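Take a look at the structure below.
Bear in mind the structure is a predicted one, so any value in this text is a computation, not a measurement.
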Amino acid sequence: MSIVKINALTVPEEQREVLEQRFASRAGSVESSDGFEWFELLRPVEGTDQYLVYTRWRSEADFQAWMDGPMKAAHQGGGAGRPGGGPAGAEGGAERPKPAATGSSVWSFEVVQQAAPKQG
């Protein structure tokens, strides 16, 4: 079964639009990665200031290959990123954009059961 990585990003209200625009501009950057299965950016509705970045992968090895290759390369040049596929921020040079998130934590899960809507 697949593995899921959820990156919980703490995003102040004034930075929400910035974060969403950064994700919109990265469209397609993970979708062609070997073993990639799904991505969702979840906006908080109430009770929290955390966005959830949900990615599903065929295996931990596929996720690690993406982290060590395309994700790392994409974020070294001034983009901002965290595991799970999100532009949370980066330290370093003055040209880099200010991080939209003030905190980040990654949760890892194995899919042990799943269901889809019945076809009929």
Side-chain angles (χ1 to χ4, degrees):
M1 284 273 197
S2 303
I3 61 133
V4 169
K5 299 293 181 172
I6 298 174
N7 191 354
L9 301 174
T10 304
V11 182
E13 189 168 342
E14 66 273 9
Q15 290 291 95
R16 287 180 168 195
E17 187 174 331
V18 170
L19 180 86
E20 291 180 24
Q21 287 176 351
R22 289 181 185 171
F23 271 96
S25 69
R26 57 125 306 271
S29 65
V30 70
E31 287 87 333
S32 61
S33 297
D34 190 42
F36 170 80
E37 295 179 350
W38 199 259
F39 162 85
E40 291 179 326
L41 175 61
L42 306 177
R43 176 193 302 140
V45 176
E46 61 184 340
T48 185
D49 59 356
Q50 288 191 314
Y51 276 72
L52 299 181
V53 182
Y54 173 99
T55 57
R56 190 175 68 219
W57 299 85
R58 179 179 51 210
S59 69
E60 180 69 27
D62 290 321
F63 172 74
Q64 289 302 324
W66 174 74
M67 287 288 295
D68 294 339
M71 194 286 294
K72 187 175 182 180
H75 296 103
Q76 285 180 338
R82 293 287 184 265
E91 298 79 31
E95 302 93 35
R96 293 185 179 183
K98 177 185 174 195
T102 59
S104 173
S105 61
V106 178
W107 307 330
S108 298
F109 299 89
E110 291 179 328
V111 176
V112 294
Q113 293 184 25
Q114 61 186 18
K118 291 186 178 189
Q119 304 296 319

Give a yes or no answer on whether the side chain of S33 reaches the backbone of F36 with a donor-acceptor pair at less than 3.5 Å.
-> no

Interatomic distance, E37 atom CD to S59 atom OG [nearest 0.5 angstrom] = 9.0 Å

Between W57 and T55, does a side-chain hydrogen bond (donor to acceptor under 3.5 Å, both in side chains) hold up when you go through it step by step?
-> CA-CA 7 Å; W57 299 85; T55 57; 3.1 Å; yes

Does a side-chain N-to-carboxylate-O contact under 4.0 Å join K5 and E60?
-> yes

When rounded to the nearest 0.5 angstrom, what is the spacing between CG in N7 and CD in Q50?
-> 9.5 Å

Does a sphere of radius 6.0 Å around CD in E17 hold more than 12 heavy atoms from other residues, nucleotides or ligands, not counting ones at 6.0 Å or beyond?
-> no

Any side-chain heavy atom of P99 within less than 4.5 Å of one from Q15?
-> no

Aromatic ring pairing F23/F39, orientation class (parallel under 30°, perpendicular over 60°, tilted between) = parallel

Inter-residue atom distance M1.CE - E110.CD, 0.5 Å rounding | 10.5 Å

In the single-linkage hydrophobic clustering (I, L, V, M, F, W, Y; side-chain heavy atoms under 4.5 Å), do V111 and L42 co-cluster?
-> yes

Taking atom CG of L41 and atom CG of L52, what is their separation to the nearest 0.5 Å?
-> 9.0 Å

With a 3.5 Å cut-off and no angle check, do the side chains of W66 and Q64 form a donor-acceptor pair?
-> no

Less than 4.0 Å between a side-chain N and a carboxylate O, is that true for D34 and R58?
-> yes

Would one find more than 12 heavy atoms of other residues, nucleotides or ligands at under 6.0 Å from atom CD of E13?
-> no

Closest heavy-atom pair and its distance - V18, A100 = CG1-CB, 4.1 Å

Single-linkage hydrophobic cluster Y51~V30, side-chain heavy atoms < 4.5 angstrom | yes

Passes side chain to side chain contact (heavy atoms under 4.5 Å, CB included), V53 versus L9? Steps please.
-> CA-CA 8 Å; V53 182; L9 301 174; 3.7 Å; yes

Between atom CD of E31 and atom CH2 of W38, what is the distance when rounded to the nearest 0.5 Å?
-> 10.5 Å

